Amino acid sequence: MPSSPDLYSPLAAWFANHRRALPWREEGTSAWGVLVSEIMSQQTPVARVAEPWRTWMKRWPTPQALARADSAEVLRAWGSLGYPRRALRLHECARTVEREHGGELPVGVEALVALPGIGDYTAAAVASFAQGQRACVLDTNIRRVLTRVLDAKAAPSAHVTKRDRARFEKLLPVEVEHSRIWNEGVMELGALVCRARNPMCEACPLSEHCAWLQAGRPGLGERTTRPQSYEGSDRQIRGRILKTLREGGAATVGTLENASGADSERFVRLLTDLLAEGLISRTASGEITLGAGTHKEEHVHAR
DNA sequence: AATCCGGGGTG
DNA sequence: CACCCAGGATT
């Protein structure tokens, strides 16, 4: 039985020469800073995250600082990164760290995944990149690279199966430092070379071991899932409402309805959803503002 | 397992 | 215009 090929050595050598100088990779970045970068990068390309991350970390360097912030400020600082509920969860995460962990980000996947907004990927990434832990990081890049190398398929399955996790975990080096380099390096390879659309196999350090390349790169342009159209979607309407509030402060319901471009019934439904999620609130004078508002008002109404 | 949740950049 | 992006929560 042949021993499995050494993927680590060529990968590590490649990574040493192609590692991007992302701001959160600078010496001295806290685990909290890495966590913030991971949340911001969920479904948002890292190139778009770099600047907002700098500004954010300068303003709120620690969980304590963010915990003290108002949710409206947090949402405004989030800007157009998308999926603003991530900002609310990061805010909640900071408050949980403050309240339950003495202001110190807990160490390890199990403790991290229990925090708001942190799932399997983000917990493993923070543990591996910033906490000296050996954790198996599975993001869209790593899953695509390993699916190609091992399974000769162009794209990974829709979600992480137990079987995939078990197989990919076997490739993770035992030594902690090597496991971090493996995670970062394979992720970087997926972002720069083994890309979803135009993979540069001629520049790939794993090309000799890649089952997909040897099979002739089958299924490269295949459609996987139905493209969920954005134009005219609830997401677009919600986005317009929040953008109006970010840029203009408080607004009347009428102003927001006009800006939303939705019919009245749909607008009311979406506004109700946004209120329930804490993305907006209603002031005493009946205007709509960004953020969850204060609990004081609820007491006033409760009387 | 399927859906929902933004927004911008790219071929 | 379709596809993609360092995913997570909810049902």
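Computation of the quantities below employed the complete heavy-atom set of this structure, encompassing side-chain atoms and omitting hydrogens, waters and symmetry-equivalent molecules. Everything numeric in this text was worked out from a predicted model, so none of it was measured. In the text below, chain A, chain B and the rest are named by the order of the sequence lines, each starting its count at 1.
Computed from coordinates, the L192(A) CG to dC5(C) P distance equals 13 Å when rounded to whole Å. Between L88(A) atom CG and dG7(C) atom C1' there is a gap of 16 Å when expressed in whole angstrom units. Separating the CZ atom of R238(A) from the P atom of dG7(B) is a distance of 10 Å, rounded to the nearest angstrom. Note: CG (D234(A)) to C1' (dG7(B)) measures 16 Å, nearest angstrom. Computed from coordinates, the L75(A) CG to dC5(B) P distance equals 16 Å when rounded to whole Å. Rounded to whole angstrom, the span from the CZ atom of R235(A) across to the C1' atom of dT3(B) amounts to 10 Å. Taking atom CG of D120(A) as the reference point, atom P of dA9(C) lies 9 Å away to the nearest angstrom. Straight-line distance from the CD1 atom of I142(A) to the C1' atom of dG7(C): 14 Å, rounded to whole Å.
The residue R20(A) sits close to a base: some heavy atom pair falls under 4.0 Å. At the heavy-atom level, G119(A) lies under 4.0 Å from the strands shown only through sugar-phosphate atoms. Using a 4.0 Å heavy-atom criterion, one finds that W24(A) contacts the bases of the nucleic acid, with or without backbone contacts as well. Using a 4.0 Å heavy-atom criterion, one finds that S233(A) contacts no nucleic acid atom at all. L22(A) comes within 4.0 angstrom of a base, heavy atoms only. Contacts of L81(A) with the nucleic acid, taken as non-hydrogen atoms under 4.0 Å apart, include base atoms.
Rounded to whole Å, the P atom of dG6(B) lies 15 Å from the corresponding atom of dT10(C). For the P atoms, the distance from dG11(B) to dA6(C) is 14 Å, rounded to whole Å.
For a distance-only test at 3.5 Å, the side chain of R197(A) qualifies as a donor-acceptor partner of the base of dC3(C).
For T140(A), counting side-chain heavy atoms from C-beta on, the closest listed nucleotide (dG11(B), dC5(C), dG8(C)) is dC5(C). Comparing dG8(C), dA6(C), dA1(B) by their nearest atom to the side chain of R85(A) picks out dG8(C). For A196(A), the side-chain atoms get nearest to dC5(C) when compared with the rest of dC5(C), dG7(B), dC5(B).
Put simply, Y230(A) has a side-chain N or O that comes within less than 4.0 Å of OP1 or OP2 on dG7(B). Contact annotation: R246(A) side-chain N/O to dG7(B) OP1/OP2 distance is under 4.0 Å. Residue S80(A) places no side-chain N or O under 4.0 Å from the OP1 or OP2 atom of dG6(B).
Listed by chain and residue number, R144(A) satisfy the side-chain contact (heavy atoms from CB on, under 4.5 Å) test with A196(A) (two or more places apart in sequence, or in another chain).
Note: W56(A) and W60(A) have perpendicular aromatic rings, judged against thresholds of 30 and 60 degrees for the angle between ring planes. Between H178(A) and Y8(A), the two ring planes are parallel [angle under 30°; tilted spans 30° to 60°].
Of the two residues contacting DNA chain C, namely R89(A) and N141(A), the nearest-nucleotide position lying further toward the 5' end is that of N141(A). Nearer the 5' end of DNA chain B, as judged by each residue's closest nucleotide, is the contact made by L274(A), out of N198(A) and L274(A).
Taking a cutoff of 4.0 Å between a charged side-chain nitrogen and a carboxylate oxygen, R68(A) and E73(A) do not qualify as a salt bridge. With respect to R180(A) and E184(A), a salt bridge is recorded, a charged nitrogen being found less than 4.0 Å from a carboxylate O. A salt bridge does not link E98(A) with R95(A): every distance from a Lys NZ or Arg NE/NH1/NH2 to an Asp or Glu carboxylate oxygen is 4.0 Å or more.
With hydrogens and angles left out, the side-chain atoms of T289(A) and T283(A) include no donor and acceptor closer than 3.5 Å. One side chain, S9(A) or D6(A), offers a donor N or O that lies under 3.5 Å from an acceptor on the other.
Looking at residues 33-63 of chain A, you'll see Q43(A), T44(A), P45(A), R48(A) sit with a heavy atom under 4.0 Å from some atom of DNA chain B.
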List the atom pairs, with distances to 0.1 Å, where a side-chain N or O of residues 202-214 of chain A and a protein N or O form a donor-acceptor pair under 3.5 Å, not counting sequence neighbours.
{"from": "S207(A)", "atom 1": "OG", "to": "C204(A)", "atom 2": "O", "distance (Å)": "3.2"}
{"from": "W212(A)", "atom 1": "NE1", "to": "P218(A)", "atom 2": "O", "distance (Å)": "2.9"}
{"from": "Q214(A)", "atom 1": "NE2", "to": "E208(A)", "atom 2": "O", "distance (Å)": "2.9"}

